[in-house]
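Keep in mind that what you see is a predicted model, and the values were worked out from it rather than measured.
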Amino acid sequence: MTRPTQLVVVTGTGTSVGKTWVGARVLARLRTLGQRVAARKPVQSFEPDAGPTDADLLADATGEYPDQVCASQRWYELALAPPMAAAALGRPPIALADLVAEVSWPAAVDVGLVEGVGGPRSPLAADGDTVDLVRLLRPDVVALVAESGLGAINAVRLAAAPFLGLTRVVVVLNRFEPDVSLHTANRQWLAGGGLDVVVGPAGLAERLGSATDPLLPR
């Protein structure tokens, strides 16, 4: 099966931390630098008429079609966790193995990004979450998006823990303000605890796009 040179799973410490915003901007930045990029959202649930979906935003960043990013049968028009939305809409239960089997890539992709839903333990399917997805996909890195302010240290440490024995974790502090002492203190504390911490989409793009110092040896 075709696999990107670097496979990245993006998750967050919870909802509304900016996973899609970060992922889309990272992919757009890498694309402008000549990297071949693609995105996949195995499943998405959303409020209809609330604006672009995650698949729409990621597709805009990569130049793909939204139904390439997220297969049309995996769009659930209800703002609940996907397996809950499927049940409420009267649609068949979602199996994690089916979601994984539906993830495919074009040839010669430098960076492939897979985005989960909610936080690491938010259910993607009736039988699995993003931690389980990582176990099956075996990505090169998990990018963990987090708020930069109060509560960041606890949220990051809890969310990163399930992945630390599976693959490398890069913590992405979003909405980071260098002039805010709490933000800089949180960054220093997390980095001092052994985590790889970057700031915003630019920091993650630099990690993923470096040709001379690749994120992980292949």
Engineer: Among residues two or more places apart or on two chains, list those pairs meeting side-chain hydrogen bond (donor to acceptor under 3.5 Å, both in side chains) that have a residue in residues 11-23.
Structural biologist: Thr20-Asp54, Thr20-Glu115
Engineer: Given 3.5 Å as the limit, does a donor-acceptor pair link the side chain of Ser45 with the main chain of Leu80, or not?
Structural biologist: yes
Engineer: Could you go step by step and tell me if Val114 and Leu133 meet the side-chain contact (heavy atoms from CB on, under 4.5 Å) rule?
Structural biologist: CA-CA 10 Å; Val114 178; Leu133 180 72; 4.1 Å; yes
Engineer: CG of Leu57 to CZ of Arg25: how many Å apart, nearest 0.5 Å?
Structural biologist: 8.0 Å
Engineer: Give the C-alpha distance, both sets of side-chain angles, the deciding distance and a yes or no for side-chain contact (heavy atoms from CB on, under 4.5 Å) between Leu30 and Leu208.
Structural biologist: CA-CA 8 Å; Leu30 292 175; Leu208 300 178; 4.1 Å; yes
Engineer: Quick one: do Val109 and Leu27 end up in the same hydrophobic cluster if we chain Ile, Leu, Val, Met, Phe, Trp and Tyr together by side-chain heavy atoms under 4.5 Å apart?
Structural biologist: no
Engineer: What distance do Leu78 atom CG and Leu89 atom CG have between them, rounded to the nearest 0.5 Å?
Structural biologist: 5.0 Å
Engineer: At their closest point, which heavy atom of Ala55 faces which heavy atom of Cys70, and how far apart are they?
Structural biologist: CB-CB, 3.8 Å
Engineer: Taking all heavy atoms of Pro120 and all of Ala159, pick out the closest pair and write down the distance.
Structural biologist: CG-O, 3.6 Å
Engineer: Which residue pairs pass the ring-ring contact (aromatic ring centres under 6.0 Å, His included) test with at least one member in residues 47-81, sequence neighbours excluded?
Structural biologist: Phe46-Trp75
Engineer: Give a yes or no on whether the backbone of Val17 and the side-chain of Asn174 come within a donor-acceptor separation of less than 3.5 Å.
Structural biologist: yes
Engineer: Answer yes if Trp105 and Leu136 sit in the same cluster of Ile, Leu, Val, Met, Phe, Trp and Tyr residues linked by side chain heavy atoms under 4.5 Å apart, and no otherwise.
Structural biologist: yes
Engineer: Could you give the distance from CG (Asn186) to CG (Asn154), rounded to the nearest 0.5 Å?
Structural biologist: 11.0 Å
Engineer: Is the side chain of Arg74 donor-acceptor paired with the backbone N or O of Ile94 at a distance under 3.5 Å, no angle test?
Structural biologist: no
Engineer: Kindly determine whether His183 and Val199 satisfy side-chain contact (heavy atoms from CB on, under 4.5 Å), including the steps that lead there.
Structural biologist: CA-CA 10 Å; His183 292 191; Val199 172; over 6 Å; no
Engineer: Between Ser104 and Thr2, is there a side-chain heavy-atom distance shorter than 4.5 Å?
Structural biologist: no
Engineer: Answer whether the closest heavy-atom distance between the side chains of Val117 and Pro82 falls below 4.5 Å.
Structural biologist: yes
Engineer: If I compare all heavy atoms of Leu204 with all of Ala143, which pair ends up nearest, and what's the gap?
Structural biologist: CD2-CB, 3.8 Å
Engineer: Is there a path of hydrophobic side-chain contacts, each under 4.5 Å between heavy atoms of I, L, V, M, F, W or Y residues, that connects Leu173 with Leu164?
Structural biologist: yes
Engineer: Does anything in residues 28-39 form a salt bridge (charged side-chain N to carboxylate O under 4.0 Å, His left out)? List the pairs, not counting sequence neighbours.
Structural biologist: Arg36-Asp110
Engineer: Search all heavy atoms of Leu182 against all heavy atoms of Leu150 and return the closest pair with its distance.
Structural biologist: CD2-N, 3.4 Å
Engineer: So, taking the atom named CZ in Arg157 and the one named CG in Leu144, what distance separates them when rounded to the nearest 0.5 Å?
Structural biologist: 13.5 Å
Engineer: Measure the CG-NZ distance between Leu58 and Lys41 for me, rounded to the nearest 0.5 Å.
Structural biologist: 7.0 Å
Engineer: Closest approach of Asp140 and Thr167, non-hydrogen atoms and distance?
Structural biologist: O-OG1, 3.0 Å
Engineer: Tell me whether Ile153 shares a hydrophobic cluster with Val169, the cluster being built from Ile, Leu, Val, Met, Phe, Trp, Tyr side chains joined at under 4.5 Å.
Structural biologist: yes
Engineer: Sorted by first residue and then second, give each salt bridge (charged side-chain N to carboxylate O under 4.0 Å, His left out) pair with at least one member in residues 56-66; sequence neighbours left out.
Structural biologist: Arg40-Glu64
Engineer: Treating Ile, Leu, Val, Met, Phe, Trp and Tyr as nodes and any side-chain heavy-atom pair under 4.5 angstrom as an edge, say whether Leu158 and Val156 lie in one connected cluster.
Structural biologist: no
Engineer: Looking at Asp127 and Leu96, would you say the former's side chain and the latter's main chain have a donor-acceptor pair under 3.5 Å?
Structural biologist: yes
Engineer: Please walk me through it: do Arg207 and Asp196 pass side-chain contact (heavy atoms from CB on, under 4.5 Å)?
Structural biologist: CA-CA 10 Å; Arg207 284 281 196 278; Asp196 184 4; 2.5 Å; yes
Engineer: Ignoring hydrogens, what is the shortest heavy-atom contact between Leu137 and Val100? Give both atom names and the distance.
Structural biologist: CD2-CG1, 4.0 Å
Engineer: Under the rule for side chain to side chain donor-acceptor pair (under 3.5 Å), what residues qualify as partners of Ser148, not counting sequence neighbours?
Structural biologist: none
Engineer: Considering only residues two or more places apart or on different chains, which pairs with a residue in residues 128-139 satisfy side-chain hydrogen bond (donor to acceptor under 3.5 Å, both in side chains)?
Structural biologist: Arg121-Asp129, Asp132-Arg135
